[in-house]
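The structure under discussion appears below in the form of structure tokens.
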Amino acid sequence: MRSIALGSVLLAALLSWWVLRADVGPATGTGYTLTVHCAAGIKGPVTRAAKEYEQQFGNRVELTFGGSGALLSALTVRNHGDIYIAGDDSYVSDAKQRGLVAEILALASMRPVIAVRSGNPKNITSYRDLLRLDVRTGLGNPEAAAVGKIAKRVATDLGFWDQLRDKVTVMKPTVNDLGNDLQIGTIDAAVIWDATVRQYENLEIIEDPQLSRQARNVTLGVLRCTTQPRPALHFARYLAAHDRGLLVFSAEGFTPIDGDEWADVPQLELMSGAMLRPAIDSTVTAFEQREGVRVNRVYNGCGILVSQMKTGSIPDAYFSCDQTFLDQVQDRFQDGVTVTANDVVMLLRKGNPKNIAKLRDLLRPGVRVGLGHPEKSALGALTTGLLSRTGHLDNLKASGNVVVESATGDLLVNQITAGSLDVVLVYRSNTAHVGERCEVAPIQEATSQARQPFAIAKDSAHPHLMRRLLDTLRGADSRRRFEELGFHWRDGERPK
Amino acid sequence: MTTAPHRARADTAFLAALFVFLGLYVALIVAMLVADASFTSPADLWEAIRSDEIQSAAVLSLVTATLSAILSVWFAVPIGYVMTRFSFRGRALLDAVLDIPIVLPPMVIGLSLLILFSTPIGRAIESVVPITYQKPSIVLAQFAVACAFAVRTMIVTFQQIDVRHEHVALTVGCSRGQAFRHVVLPQVRRGMLSAFLLAWARALGEFGPILVFSGAMRMRTEVLPTTVFLELSVGRIDAAVAVSLLMVAAALIVLWIGRSFGLGRIGQ
């Protein structure tokens with residue numbers, strides 16, 4: 001008996017040593033080790049792409065698999081790791097709402113289709129055929145599987161859900177359960193993803209337009225809890241690149257999205273109205289550091305920027321001072337997204353020695369006025385419109401009081417601060433740092449507000465990356481910076 | 001009373017009925033294995049055996065199941081002894097509590113462990129020994145379930161041995177500990193081996209709690225049942241079946257050797 005007890009202690013000690021020792025894992029060299037929680041249904045392409053990535057960059061990718069929902073539940077209880085990849089976008093959206101995910105990248109799209117055995121022995125041609133008595137039908141559980149939810153919604157819209165629910169042979173929680181049942185032969189047809197069908201050699205796809213319209217994306221989320229966002233996003237960009245990871249998805253039967261071009265450190269160009277510089281510069285720098293990319297910023301008056309773009313210098317994105325300037329080059333950009341608005345105000349010398357209160361006071365003899373250049377800047381165009389609407393434009397020009405027309409509001413602020421002007425019409429955000437050297441007076445006769453849209457170039461090689469930059473600029477930290485400078489938050493408003 | 005020929009016929013019919021049940025159940029098991037085999041090929045099996053991932057999962061499965069089974073027996077022997085030899089208030093309730101891991105769905109065990117190790121106490125433990133999503137979590141998840149089966153086996157074993165031997169030992173001057181060591185333990189060796197093998201088999205097949213508590217990380221926390229799940233998840237039934245058959249073979253060999261040699265020797 002003593003020898004058994006002793007033997008069990010020694011064996012347990014040896015096995016415990018092995019279990020604890022082995023957890024140190026293989027050496028990772030100089031590279032990073034990433035933990036990726038991946039939906040089991042997309043194990044094939046993600047495993048292959050990860051292996052290629054490891055070989056190319058020397059980083060390690062540790063993949064852990066499970067159902068999309070089960071992984072999300074586990075992450076909710078214990079948030080750890082770097083990346084979460086779900087079988088369809090609803091899970092990643094859910095994770096985003098729960099505050100688990102920061103960036104989201106789409107990888108491939110999947111359409112719901114009817115899967116049957118090769119040769120279509122039951123001659124199924126439409127979704128409605130699944131109601132036939134001679135067809136053993138399988139569906140995903142509407143509560144557990146996204147494809148089951150879609151199958152239910154489409155059948156409800158077509159008016160036969162109750163019949164189908166009563167007639168269905170089996171409901172299963174995952175699409176692969178149904179694929180396996182089809183392959184084994186216990187059912188004749190099932191509604192599953194097209195990409196799932198392509199994983200099986202002896203199954204084929206029957207398209208039904210009502211189902212096909214309900215496509216979903218395989219989606220990746222970078223976890224908020226990651227302590228290494230730059231390597232995590234490096235791998236995420238690799239997976240989502242049309243000439244890298246998405247090639248693998250395509251080879252494995254998925255329909256990849258139109259992803260960005262791969263670059264180890266992407267070089268991007270952002271053209272932005274000069275007035276936006278203090279609001280966005282630090283946000284863009286933080287974005288560069290998190291993503292591991294370079295964003296070359298070109299700040300200038302929007303008229304000058306638009307001229308440059310018209311001569312062929314198209315950036316990856318344009319953050320315009322006003323929608324009117326984006327309109328001039330709209331054919332080269334996707335639709336803009338309005339982020340902020342900015343008032344035009346009067347900035348006066350300290351103590352307002354010329355006693356200026358209204359626009360008509362600018363006409364008084366001896367008042368030195370500075371305006372934005374009407375062609376080189378959005379500020380100038382807006383100011384000209386404002387003066388025209390209030391009937392002062394021609395008189396002001398005739399008065400000879402306009403001493404200077406500058407390409408940017410900041411130049412005007414510099415000049416009034418130096419004492420060479422009595423009043424300038426600038427954006428409220430231009431006045432944020434003048435302190436007590438000048439006074440700000442709102443324009444009482446009319447309001448004039450510029451709206452700042454962000455637009456991504458149609459020809460950009462990195463539209464998704466630029467979309468993430470836009471998302472960052474629309475984030476809470478960025479909003480605070482904008483509002484501190486006097487911008488109004490207009491995120492998501494339709495351009496006027 | 002029946003005559004001798006009558007009795008012989010009745011016995012034959014009785015024995016035949018017994019063997020029909022045995023035969024039917026064994027036939028069901030064998031039929032399942034044959035059906036499995038029809039869904040794979042020697043090439044699939046060979047590919048499975050050669051795969052680094054599957055070799056790693058196999059070693060991890062065998063090591064963790066063995067460790068879990070040893071730990072289960074260490075706990076099951078004292079627990080079984082206490083539950084059969086002592087009367088105390090709440091014993092019936094405690095008896096029911098010991099069955100909870102058997103009754104609970106396996107996923108719930110995994111989720112409960114995951115939540116437990118997310119509490120301040122769990123995190124304090126993990127600051128010393130990382131457990132969640134690491135190899136020790138596999139042992140803990142297997143142990144949580146397998147130990148309940150070992151405990152049940154040991155309770156039945158202790159119930160079956162005669163208490164009088166112990167009493168005799170106590171009356172000739174043995175302490176309780178000495179009586180337990182020299183009189184009780186030698187009598188429950190067969191039960192301990194049964195508990196070990198049952199716990200081992202249970203731990204080897206454990207899947208639900210491991211998936212939740214340990215994840216399914218290739219070459220790290222992937223055990224053979226996880227491999228089967230992963231292969232099924234991507235529609236590779238042939239590979240899933242190949243791994244399943246490997247598990248059957250491994251389990252069969254260990255249980256067969258354990259029962260025929262271990263029980264035979266210990267029983268003598």
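Convention: sequence-line order gives letters A, B, ...; per-chain numbering from 1.
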Passing option when A:L15 is tested against B:V63, B:V139, B:L62 for side-chain contact (heavy atoms from CB on, under 4.5 Å): B:V63

Max heavy-atom pair count under 4.5 Å with chain B, selected residue of A:N180, A:L11, A:L71: A:N180

Heavy-atom proximity to chain A below 4.5 Å, by part of B:F39: side chain

Nearest heavy atoms of B:P136 and A:V19, plus distance in Å: N-CG1, 3.7 Å

Contact summary for B:L67 and A:A12, nearest pair of heavy atoms: CD1-O, 3.5 Å

Options A:T196, A:D177, A:I184, ranked by heavy-atom pairs under 4.5 Å with chain B, top entry: A:I184

Among A:A70, A:S16, A:G67, A:G179, residue most engaged with chain B (heavy-atom pairs, under 4.5 Å): A:S16

Atom group of A:T174 that falls short of 4.5 Å from chain B, counting heavy atoms: neither

Residue among B:E126, B:M192, B:R181 with most heavy-atom pairs under 4.5 Å to chain A: B:E126

Greater than 12 external heavy atoms within 6.0 Å of B:E47's CD: no

Gap between atom CD of B:E53 and atom OG1 of A:T47 - 0.5 Å precision: 8.5 Å

Portion of B:F196 that has a non-hydrogen atom of chain A nearer than 4.5 angstrom: neither

Toward chain B, the part of A:F65 with a non-hydrogen atom under 4.5 Å: both

Any side-chain heavy-atom pair of A:K43 and B:L230 under 4.5 Å: yes

4.5 Å side-chain heavy-atom contact, B:M219 and A:E62: no

Listed partners of A:H80 passing ring pair (Phe, Tyr, Trp, His ring centres under 6.0 Å), at least two apart: A:H37, B:Y133

Chain A contact via B:I70 - which portion, at a heavy-atom distance below 4.5 Å: side chain

Short side-chain to backbone donor-acceptor contact, A:T64 and B:A216, under 3.5 Å: yes

Inter-residue atom distance A:S73.OG - B:L111.CG, 0.5 Å rounding: 7.5 Å

Heavy atoms from other residues, nucleotides or ligands near CZ of B:F75 exceed 12 (cutoff 6.0 Å): no

Side chain proximity check, B:W74 to A:V9, heavy atoms < 4.5 angstrom: yes

B:S214 portion near chain A, given a 4.5 angstrom heavy-atom threshold: neither

Contacting moiety of A:V36, where chain B heavy atoms sit under 4.5 Å: neither

Residues B:R236 and A:E201 bridged, charged N to O under 4.0 Å: no

Side chain proximity check, A:N176 to B:L232, heavy atoms < 4.5 angstrom: no

CD1/B:I121: more than 12 non-hydrogen atoms of other groups inside 6.0 Å: no

Residues A:W18, B:T64; criterion side chain to side chain contact (heavy atoms under 4.5 Å, CB included); working and verdict: CA-CA 10 Å; A:W18 187 88; B:T64 52; 5.6 Å; no

Contacting moiety of B:V73, where chain A heavy atoms sit under 4.5 Å: neither

